[in-house]
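Before any comments, here is the structure.
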Amino acid sequence: MDAYLEEELYDLLIFCIQNPQSPELGSKKGRVQEIGRELYADGGADALENMFFSIEHRVKEEIGRDAKPYRAWWNGISGEWKY
């Protein structure tokens with residue numbers, strides 16, 4: 001399940017990074033937040049950290065951009081997650 005969520009999250013973040021003015025940004029952000037809630041329910045804050053760590057490195061390697069600002073989209077899921 002995590003592999004599918006990772007691919008979906010990666011695709012969503014790539015879209016958001018490359019299209020910051022898109023009218024679809026709100027729906028994409030909503031889905032990113034849903035993925036975060038699913039991950040947290042399955043594995044806690046460690047699952048969030050592991051997933052985002054992997055995504056950050058993929059984004060950096062593949063398109064040379066920074067995904068760190070999007071970590072804040074998961075704020076509020078857990079008291080442990082504060083970015």
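What's counted below: heavy atoms across the whole structure, side chains too, no hydrogens, waters or symmetry copies.
Taking OH of Y70 as the reference point, atom CD1 of I55 lies at 13.5 Å (rounded to 0.5 Å). Here L13 contributes atom CG and E56 contributes atom CD; the two are 10.0 Å apart, rounded to the nearest 0.5 Å. Here the straight-line distance linking atom CG of L9 with atom CG of L39 works out to 7.5 Å at 0.5 Å rounding. Separation of atoms CG (D46) and CE (M51) is listed at 13.0 Å; rounding is to 0.5 Å. For the atom pair SG (C16) and CD (E24), the distance works out to 9.0 Å, reported to the nearest 0.5 Å. Annotation: the span from I77 atom CD1 to Y40 atom OH amounts to 9.5 Å, rounded to 0.5 Å.
Proximity of N50 to F53: side-chain heavy atoms (C-beta onward) are nowhere separated by under 4.5 Å. Residues I17 and V59 meet the side-chain proximity criterion, which asks for heavy atoms closer than 4.5 Å.
Shown here are the side chain to side chain contact (heavy atoms under 4.5 Å, CB included) partners of K29, two or more places apart in sequence or in another chain: Q33, W73. Applying the side chain to side chain donor-acceptor pair (under 3.5 Å) rule to R31 yields the partners E8, E34, E38; only residues at least two apart in sequence or on another chain are considered.
The side chain to side chain donor-acceptor pair (under 3.5 Å) analysis of residues 10-20, with sequence neighbours excluded, yields the pairs Y10-E62.
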Please assess F52 against W74 for the test side-chain contact (heavy atoms from CB on, under 4.5 Å), listing each intermediate value before the final yes or no. CA-CA 10 Å; F52 219 95; W74 284 350; 3.6 Å; yes
Check the pair E49, R71 against salt bridge (charged side-chain N to carboxylate O under 4.0 Å, His left out), reporting the backbone distance first and the verdict last. CA-CA 9 Å; E49 190 62 49; R71 283 178 164 251; 2.9 Å; yes
